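Note that the structure is a prediction, hence the values are computed from the model and not measured. The analysis underlying the following values was restricted to heavy atoms, covering all of them including side chains, and did not include hydrogens, waters or symmetry mates.
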Amino acid sequence: MPLSTDQFLQKLTEIVEANLGNEQFGVSELAREMGMNRTVLYRKVKLFTNKTISKFISEIRLKRALELLRNDSGNVSEVAYEVGFGSPTYFIKCFNKQYGFPPGEVLKGMHQHTTDYADFQKPPSKKYTAYSKYIYAFIGIILAIGGYYLINQFILEKTTVEKSIVVLPFDDFSEEVGNTSIIETFRDELIGKLDGINDLTIISRTTADTYRNTNKSIGEIAKELHANYFLEGSVTKINDEVKIQLQLISAKDEHLWSEPYVREITNENTFEVQSEVVSQVVNSLKAVISSSEKIEIARKPTENLGAYNFYLQGLDYLRLYEKDRKRIHYRNAKNVFEKALEIDSTFADAYLQMAHIYINNLAWTYSYNQWEKYFDYLDSGFVMIEKAKKFETSDMSKALRLEADYYQRVGMDDKALATFEKSWKSKNFEYYLAKSDFQYFNLEYHESIKYFLLYYECRPNTLLLNATSLSNFIENLCHSGFPETAIKFAKEMLKITNDSLHYKNTLSFIYYLTGNYQAAKKVMLELYNCDTTNLYRISQMIDVNVYLNDIEDALFYFNKLHGADIEISQNFRFDIVHGYLYQITGHEKKAKEMFNNEIEMLKEQIRLNTYFAQELFAHARLAAVYSVMGEKELALKNLQISAQRKSIPLFFINQTSPWFDNIRNEPEFQDCIKEFEKKYNKEHGKIEKLLVREGIIQ
């Protein structure tokens, strides 16, 4: 039986009171104890109390604190810890804000009858008449009886898109294995055609795939994904005959088709079958469909079956890459997509896959030190997007997102954002995730964190956090000065990857970015001891020891790296740290050679306007190199340029490295640091408010 409003709030209160001593008990923990989605819980609490969950928890803690202080059950610090505040200073601030006086006054016997500051500040309204008492009593009864149903209906209306569809993974009932390509390609094409209809909202294949082999009912999945309709299917292959069976089901688990859709699929009729299924879905849901969309549904991606078979092979290789992340699969995919285009030069979807390979794989392969190739691949990807659009690709949303990626990486931020927004029909948890990643690459720390938290709250409980996006979120927390919160989410990462080495690497990364070099060194040493010949680990030990001014240890690892027992890859780049160590050990010629190589590389990045240059990291790096070389004027000039950044990471403030010793006392240097601090503090303050509001920190 559903809980009334009073019962619901009583249960919430009891759970919070049972966990008062747990400083870590917050929104996520309360949602888990209630067995509810964070978003649903947030909206219920907001509707019933007009408070956020974080505020609701905090007030219960403070109410108990007031009782303990009145009973003289301990001093202020002891009470603070007992009710779950990790910092007595923060407890005093919250207590004062809630009640209008400090907790110490309660211990002195003052304010023995005050219950809540808000109550004691506001006198009763003179308009509260006898007649209004009956009105309020009636409203209270209505809420108590029907509140549960009303709030759930309200949430459903607000979060469920009317014609939202999930194309669930198809079951394979074939006697033989190895039909994955046939099944997944048909489903992918179906999703693409449905997504091309503006009146329908399609939940992504990636999200739908999390329900593969699930025991959950359609109703349960509908609640988690806020979706109204599901396309279920199965495929059976006997000898060379492939038969597909489909059914459209509502969120209430009602079959919308009187009979399942059953057809045999062949190379010759696969496009025809896809079009039939899409038309049947559209008619069943009474979706509004334009004449151009009707043409698109019926259109074949290619008239050439040979080209289509090469295309299917390419998709298979891309799926293999998703499983094991081996780059050879991308190369193989590129080869077969090129063969498809040799046969059919108007094959739009093959061009789109090529664009994906150029922009999201090949370009990034050369994004560190071969910038000419990087831009060549980006430009090639853009050409492929234009051809995909020209020949009317079936997945225009993907084309627009790739186009947005291109604009972002060549520095056209406004155009990138406009194109990105155009690519999304609805703003669901998938949009929030993509927007968070998009703003991460824009170095918009607050915006990226905001959208990640929206994704974090709205995603289905069964959906694991996206590991790459979580890593980006952790990095943003570090740059904006929240190492403890970053560590909390690193533990979430450990749950996903179950990889203790990856977790330790993330910890060392957090400590390093936030200036806790001693802690970073301790973790880095553990990682180094796991593989004492790993170039990256040795380089880490050199860097962190230089930042700690432990030159003896830095030289130990420096000599090990340059010793005969370590084979150095051609792609390994020596930087300012190595030049500095050569310099202080009297190898001036070698040091100058490294510094000049670094300057040449950074200038080339600025000339080409690379991502590193667009965000003014290259100028900050140049400032450091010029400073070490004693070129004060050039060092200050480049540092002043880097101060123009919109977001300043914490490590720009923690200028403890020796690079700037030659200019540290210059007035211009001090002015730059002040500008860094001003921008950093502004961003830090905005993000702190966001994290408190969302219940991530207190």
Trainee: Give a yes or no on whether the backbone of S217 and the side-chain of E220 come within a donor-acceptor separation of less than 3.5 Å.
Mentor: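 Side chain of E220 to backbone of S217: a pair is present.
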Trainee: In sequence, state the C-alpha distance, the side-chain angles, and the governing distance for N472 and F452, and then conclude on side chain to side chain contact (heavy atoms under 4.5 Å, CB included).
Mentor: CA-CA 9 Å; N472 296 343; F452 182 86; over 6 Å; no
Trainee: Which atoms form the tightest heavy-atom contact between N466 and T468, and what is the distance?
Mentor: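 Minimum heavy-atom separation between N466 and T468: OD1-N, 3.2 Å.
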Trainee: Short question: side chain of S436, backbone of Y432 - any donor-acceptor pair under 3.5 Å?
Mentor: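 No, because the side chain of S436 does not come within donor-acceptor range (under 3.5 Å) of the backbone of Y432.
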Trainee: Keeping E293 on the side-chain end and S290 on the backbone end, is there a donor-acceptor pair under 3.5 Å?
Mentor: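 Looks like yes, one N/O pair under 3.5 Å.
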Trainee: Considering residues at least two apart in sequence or located in another chain, which fulfil the salt bridge (charged side-chain N to carboxylate O under 4.0 Å, His left out) criterion with E447?
Mentor: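 Partners of E447 by the salt bridge (charged side-chain N to carboxylate O under 4.0 Å, His left out) criterion, ordered by chain and then number, come out as K450.
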Trainee: I'd like to know if the side chain of T13 reaches the main chain of L9, judged simply by a donor and an acceptor atom lying under 3.5 Å from each other, with no hydrogens or angles considered.
Mentor: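 The answer is yes, because a donor-acceptor pair under 3.5 Å joins these two groups.
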Trainee: Looking at residues at least two apart in the chain, or sitting in another chain, which of them share a ring-ring contact (aromatic ring centres under 6.0 Å, His included) with F230?
Mentor: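 If we apply the ring-ring contact (aromatic ring centres under 6.0 Å, His included) test to F230, skipping adjacent residues, there are no hits.
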Trainee: With side chain to side chain contact (heavy atoms under 4.5 Å, CB included) as the test, would you mind laying out the steps for L691 and F482 before giving the verdict?
Mentor: CA-CA 10 Å; L691 295 175; F482 297 93; 3.9 Å; yes
Trainee: Sorted by first residue and then second, give each salt bridge (charged side-chain N to carboxylate O under 4.0 Å, His left out) pair with at least one member in residues 480-493; sequence neighbours left out.
Mentor: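 Not a single pair qualifies under salt bridge (charged side-chain N to carboxylate O under 4.0 Å, His left out).
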Trainee: Is atom NZ of K55 surrounded by more than 12 heavy atoms (other residues, nucleotides or ligands) closer than 6.0 Å?
Mentor: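 Atom NZ in K55 is packed in, count exceeds 12.
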Trainee: Can you see which heavy atom on S426 is nearest to which on T201, and at what distance?
Mentor: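 Answer, listing the atom of S426 first, then T201: OG-CG2, 3.2 Å.
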Trainee: Taking atom types as modelled, is there a side-chain donor on Y330 or H356 under 3.5 Å from an acceptor on the other?
Mentor: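 Yes.
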Trainee: Just verifying a value: how many Å separate L200 CG and N198 CG, rounded to the nearest 0.5 Å?
Mentor: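 Answer for the CG-CG pair, L200 versus N198, is 9.0 Å.
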Trainee: Going through the checks in order, is the side chain to side chain contact (heavy atoms under 4.5 Å, CB included) test met by L256 and Y229?
Mentor: CA-CA 9 Å; L256 301 187; Y229 302 100; 3.6 Å; yes
Trainee: So which pairs with a foot in residues 355-364 pass salt bridge (charged side-chain N to carboxylate O under 4.0 Å, His left out), sequence neighbours left out?
Mentor: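 Listed by first then second residue: nothing to list.
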Trainee: Within a radius of less than 6.0 Å around NZ of K682, do more than 12 heavy atoms belonging to other residues, nucleotides or ligands occur?
Mentor: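 Result for NZ/K682: open.
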Trainee: Side chains of I249 and E254: does their closest heavy-atom pair fall under 4.5 Å?
Mentor: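 The answer is no, as the side chains (C-beta and beyond) never meet within the 4.5 Å cut-off.
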Trainee: What distance separates L402 CG from N360 CG, expressed to the nearest 0.5 Å?
Mentor: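 If I round to the nearest 0.5 Å, the distance is 5.5 Å.
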Trainee: Counting only N and O atoms by type, is there a donor-acceptor contact under 3.5 Å from the side chain of R409 to the main-chain atoms of I359?
Mentor: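 Such a contact is found between R409 side chain and I359 backbone.
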Trainee: Could you please spell out the steps behind the ring pair (Phe, Tyr, Trp, His ring centres under 6.0 Å) verdict for F347 and F391?
Mentor: CA-CA 7 Å; F347 195 168; F391 297 119; over 10 Å; no
Trainee: Going by an N to O cut-off under 4.0 Å, is there a salt bridge joining K216 and E224?
Mentor: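 Salt bridge flag = yes for E224 with K216.
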Trainee: Check ring-ring contact (aromatic ring centres under 6.0 Å, His included) between Y406 and all other residues, then give those that pass, not counting sequence neighbours.
Mentor: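 Partners of Y406 by the ring-ring contact (aromatic ring centres under 6.0 Å, His included) criterion, ordered by chain and then number, come out as F382.
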Trainee: Taking salt bridge (charged side-chain N to carboxylate O under 4.0 Å, His left out) as the definition, give me every residue that meets it alongside E232, ordered by chain and number, with sequence neighbours left out.
Mentor: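 Partners of E232 under the salt bridge (charged side-chain N to carboxylate O under 4.0 Å, His left out) test: none.
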Trainee: Given L465 and R459, is the side chain to side chain contact (heavy atoms under 4.5 Å, CB included) satisfied, shown in steps?
Mentor: CA-CA 8 Å; L465 288 169; R459 82 190 195 287; 3.5 Å; yes
Trainee: Identify each donor-acceptor pair in which a side-chain atom of residues 414-421 lies under 3.5 Å from a protein atom, sequence neighbours left out, and give them as a table.
Mentor:
residue : atom : partner : partner atom : Å
T419    : OG1  : K415    : O            : 2.7
E421    : OE1  : Y431    : OH           : 2.9
E421    : OE2  : Y431    : OH           : 3.0
E421    : OE2  : K435    : NZ           : 2.7

Trainee: In Å, rounded to the nearest 0.5 Å, how long is the span from CG of L507 to CD1 of I474?
Mentor: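 Going from the CG atom of L507 to the CD1 atom of I474 covers 9.0 Å.
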Trainee: Any side-chain donor paired with an acceptor under 3.5 Å for W424 and S397?
Mentor: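 No - no donor-acceptor pair under 3.5 Å links their side chains.
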Trainee: Could you measure the distance from the OG1 atom of T302 to the CZ atom of F271? Nearest 0.5 Å is fine.
Mentor: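 Reported to 0.5 Å precision, the distance equals 6.5 Å.
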Trainee: With a cut-off of 6.0 Å (strictly less than), are more than 12 heavy atoms of other residues, nucleotides or ligands near CG of N498?
Mentor: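 At most 12 heavy atoms, drawn from other residues, nucleotides or ligands, come within 6.0 Å of this atom.
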Trainee: Sequence neighbours left out, what pairs pass salt bridge (charged side-chain N to carboxylate O under 4.0 Å, His left out) with at least one residue falling in residues 192-212?
Mentor: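 Non-adjacent pairs meeting salt bridge (charged side-chain N to carboxylate O under 4.0 Å, His left out): K163-D199, E184-R212, R187-D209, D188-R205, D195-K425, R205-D209, R205-E322, D209-R212.
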Trainee: Going by the rule side chain to side chain donor-acceptor pair (under 3.5 Å), which residues pair with K223 if we only count those two or more places apart in sequence or in a different chain?
Mentor: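 Applying side chain to side chain donor-acceptor pair (under 3.5 Å) to K223 gives none.
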Trainee: Among all residues two or more places apart in sequence or in another chain, which pass the salt bridge (charged side-chain N to carboxylate O under 4.0 Å, His left out) test with R299?
Mentor: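 Per chain and number, R299 pairs via salt bridge (charged side-chain N to carboxylate O under 4.0 Å, His left out) with E296.
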Trainee: Looking at S394, is its backbone amide N or carbonyl O close enough to the side chain of D349 to form a donor-acceptor pair, meaning the two atoms are under 3.5 Å apart?
Mentor: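 Judged by distance alone, yes, a pair lies under 3.5 Å.
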Trainee: At their closest point, which heavy atom of N609 faces which heavy atom of F375, and how far apart are they?
Mentor: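 That closest heavy-atom pairing would be O-CZ, 3.7 Å.
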Trainee: So do D405 and L378 actually touch side chain to side chain, heavy atoms under 4.5 Å?
Mentor: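 Of all side-chain heavy-atom pairs linking D405 with L378, none is under 4.5 Å.
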Trainee: Closest heavy-atom contact between S275 and I297?
Mentor: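 Nearest heavy atoms, S275 then I297: OG-O, 2.6 Å.
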Trainee: Are E475 and Y440 linked by a side-chain donor-acceptor pair shorter than 3.5 Å?
Mentor: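 A pair is found: one side chain offers a donor N or O, the other an acceptor, under 3.5 Å apart.
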Trainee: How far apart are the closest heavy atoms of A227 and V166, and which atoms are they?
Mentor: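 Where A227 meets V166 most closely, the heavy atoms are CB-CG2, 3.7 Å.
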Trainee: Can you find a side-chain donor-acceptor pair between S164 and N228 that sits under 3.5 Å?
Mentor: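 N228 and S164 do not have a side-chain donor-acceptor pair below 3.5 Å.
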Trainee: Between S234 (side chain only) and F170 (backbone N and O only), is there a donor and an acceptor less than 3.5 Å apart?
Mentor: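 It does not hold such a pair.
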Trainee: Rounded to the nearest 0.5 Å, what separates atom CD1 in I60 from atom CG in L12?
Mentor: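 Answer for the CD1-CG pair, I60 versus L12, is 7.5 Å.
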Trainee: Going by the rule ring-ring contact (aromatic ring centres under 6.0 Å, His included), which residues pair with Y680 if we only count those two or more places apart in sequence or in a different chain?
Mentor: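 Scan of Y680 (ring-ring contact (aromatic ring centres under 6.0 Å, His included), adjacent residues dropped) gives H684.
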Trainee: State whether the side chain of S284 and the backbone N or O of Q280 hold a donor-acceptor pair below 3.5 Å, judged by distance alone.
Mentor: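 Present.
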Trainee: Could you check whether the rings of F651 and F617 sit parallel, tilted or perpendicular, using 30° and 60° as the cut-offs?
Mentor: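 It falls in the parallel class, under 30°.
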Trainee: Without swapping roles, check the side chain of T210 against the backbone of T207 for a donor-acceptor pair under 3.5 Å.
Mentor: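 Yes, T210 side chain to T207 backbone: donor-acceptor pair under 3.5 Å.
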Trainee: Tell me every residue that passes salt bridge (charged side-chain N to carboxylate O under 4.0 Å, His left out) with E386, counting only those two or more places apart in sequence or in another chain.
Mentor: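 For E386, the residues satisfying salt bridge (charged side-chain N to carboxylate O under 4.0 Å, His left out) (neighbours in sequence not counted) are K389.
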Trainee: Please name the pair of heavy atoms, one in V167 and one in A208, separated by the smallest distance, quoted to 0.1 Å.
Mentor: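 In this case the closest contact between V167 and A208 is O-CB, 3.5 Å.
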Trainee: Verify whether one side chain among Q439 and N442 offers a donor that lies under 3.5 Å from an acceptor in the other.
Mentor: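 Distance-only check passes for Q439 and N442.
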Trainee: Would you give the length of the straight line joining atom CD1 of I449 to atom CD of E694, rounded to the nearest 0.5 angstrom?
Mentor: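 Result: 11.5 Å between the selected atoms.
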Trainee: Does H446 offer a backbone N or O that forms a donor-acceptor pair with the side chain of E683 under 3.5 Å?
Mentor: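 Yes: the side chain of E683 pairs with the backbone of H446.
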